[in-house]
*Asks:* 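Mind looking over this structure? Questions follow.
Model, not experiment: these values are computed from the prediction. Ligands are counted one by one from 1 in listed order, and the atoms in each one are counted from 1 as well.
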Amino acid sequence: MADIFDMTKGELQEFLVANGMKKFRADQIFHYIYKQGITDWDDMVLLPKKDRDILNERLPIYFPVIESQLEAPDGQTVKLLLRLRDGQTVETVLMMHDYGNSICVSSQVGCAVNCAFCASAKNGFVRNLTAGEMTAQMLAFRKAVTPDLHSIVIMGTGEPLLNYDNVLRFMRLIHEQDTFYLGYRNMTLSTSGIVPAMYDLAKEGMPITLAISLHAPNNELRRRIMPITDRYPLEEVLKAGENYFNVTGRKVTFEYILIKNLNCNLSCARQLVHLLGGKNILVNAIPMNDNYDVGLYRPADAEIESFVSFLKKNGIQVTLRREMGNKIQAACGQLRIQRDK
Ligand code: SAH
């Protein structure tokens, strides 16, 4: 069944005409959905009753149900657990920054990549999300919290480059003037390093920011944290990142979770400088959100501080991610797992 949130305006126009309705109704419908946050045909009162009846029958709207809405005590992070058409659930997070509101979008239900620190993969991979289900995550915030959306990061549950076609369709859709009109520069896609897809992405002509989850400075340690390293070794991931920069001119970000007693000692910092020094990249250091199930924890402040300052002293551009989600289980997949328990 077609999904209105998966459609471009051009596709909706075709659908309307094929079903005996006027083409210009697409403008009204897109205005209702994206400018007013209305997601029920019967509330679109400018449409003739006859059209609404046809649409209810042939293009029924299913809008995800908000199963829970959690707000962090600082008032700057809101997390939604959404129930999809088939009963599956996904998490999505809104983060309020100085520069604007950013949404962390999930791209799959569950995940197959199985990184040690991450809660998302715990119950395995379930299915890909459609582009419409990703658009609906943004619409859910638009409706429930704020219409003021500045950027997205595809950094929620799932490996976006293993759901390549839908994720690309989603980014193109929200870029359109009649939808969210979001610039590609305001979109970040985070990957565990699916090398062939990174080369494909470089050729799409979309200047989005590529973030690469690195989390270790050598293959041996990275394999323990991210088993996908067996498939795509560090050297190849770095080469694909460099290619992305060369082709798009967009600076690549490397995410590095700081995990207590594991990957943020001085030796790791040295290796990281050796690996990334002199490159035009950004390191985003991320204190681990404690995961009691797997026994991986946030290091002490002093440890974080000395790791970050060592990188800085050695010429690496590094930012320390503000920890926003900790109190509301906002790190990937934690809320969904809790619900399933
Ligand atoms: N599959 C993609 C996107 C999902 S994970 C990828 O691997 O990049 C994206 C990011 O979520 C990770 O790089 C990390 O920055 C963050 N993350 C996930 N679990 C976390 C945890 N327990 N603590 C801190 N950050 C976490």
*Asks:* Taking all non-hydrogen atoms of both residues, which atom of P207 and which atom of R250 are closest, and how far apart?
*Replies:*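 P207 and R250 have their closest heavy atoms at O-NE, 3.1 Å.
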
*Asks:* Counting from 1, what ligand 1 atoms have a heavy atom of S192 closer than 4.0 Å?
*Replies:*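 Here the atoms of ligand 1 in question are 6 (C), 7 (O), 8 (O).
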
*Asks:* When the ring centroid of Y244 is compared with that of Y199, is the distance short of 6.0 Å?
*Replies:*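 No, the ring centres sit 6.0 Å or more apart.
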
*Asks:* Side chain, backbone, both or neither: which part of N289 has a heavy atom under 4.0 Å from ligand 1?
*Replies:*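 Both backbone and side chain.
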
*Asks:* Please list, in number order, the atoms of ligand 1 under 4.0 Å from a heavy atom of S213.
*Replies:*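 So the atoms of ligand 1 that pass are 6 (C), 7 (O), 8 (O), 12 (C), 13 (O).
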
*Asks:* If you compare all heavy atoms of L59 against all heavy atoms of M7, which two are closest, and at what distance to 0.1 Å?
*Replies:*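 Looks like CD1-CE, 4.0 Å.
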
*Asks:* Below 4.0 Å from any atom of ligand 1, is there a heavy atom belonging to I257?
*Replies:*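 Per 4.0 Å heavy-atom rule, I257 contacts ligand 1.
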
*Asks:* For a 4.5 angstrom cut-off between non-hydrogen side-chain atoms, does I174 reach M187?
*Replies:*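 Yes, close enough: below the 4.5 Å cut-off.
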
*Asks:* Which bit of E159 is near ligand 1, meaning a heavy atom under 4.0 Å away: side chain, backbone, both or neither?
*Replies:*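 Answer for E159: both.
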
*Asks:* Would you please determine whether R298 falls within less than 4.0 Å of ligand 1 on a heavy-atom basis?
*Replies:*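 In this structure, R298 fails to qualify as a contact of ligand 1 - no heavy atom is under 4.0 Å.
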
*Asks:* Non-hydrogen atoms of G158 versus ligand 1: any pair closer than 4.0 Å?
*Replies:*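 G158 counts as a contact of ligand 1 under the 4.0 Å cut-off.
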
*Asks:* So which of E91, E133, E67 actually passes salt bridge (charged side-chain N to carboxylate O under 4.0 Å, His left out) with R83?
*Replies:*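 With R83 as partner, E91, E133, E67 yield a single salt bridge (charged side-chain N to carboxylate O under 4.0 Å, His left out), made by E67.
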
*Asks:* Contact between G156 and ligand 1, counting heavy atoms under 4.0 Å?
*Replies:*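 Per 4.0 Å heavy-atom rule, G156 contacts ligand 1.
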
*Asks:* So does R127 pair up with D86, basic N to acidic O under 4.0 Å?
*Replies:*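 Salt bridge between R127 and D86, a charged N being under 4.0 Å from a carboxylate O: yes.
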
*Asks:* Mind checking whether R321 has a heavy atom under 4.0 Å from ligand 1?
*Replies:*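 A heavy atom of R321 does come that close to ligand 1.
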
*Asks:* In this structure, does ligand 1 have an atom that sits under 4.0 Å from one of the heavy atoms of I286?
*Replies:*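 The answer is yes: ligand 1 sits under 4.0 Å from a heavy atom of I286.
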
*Asks:* Does NZ or CZ of K279 lie under 6.0 Å from the centre of the six-membered ring of F245, at an angle within 45° of the ring axis?
*Replies:*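 No cation-pi geometry.
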
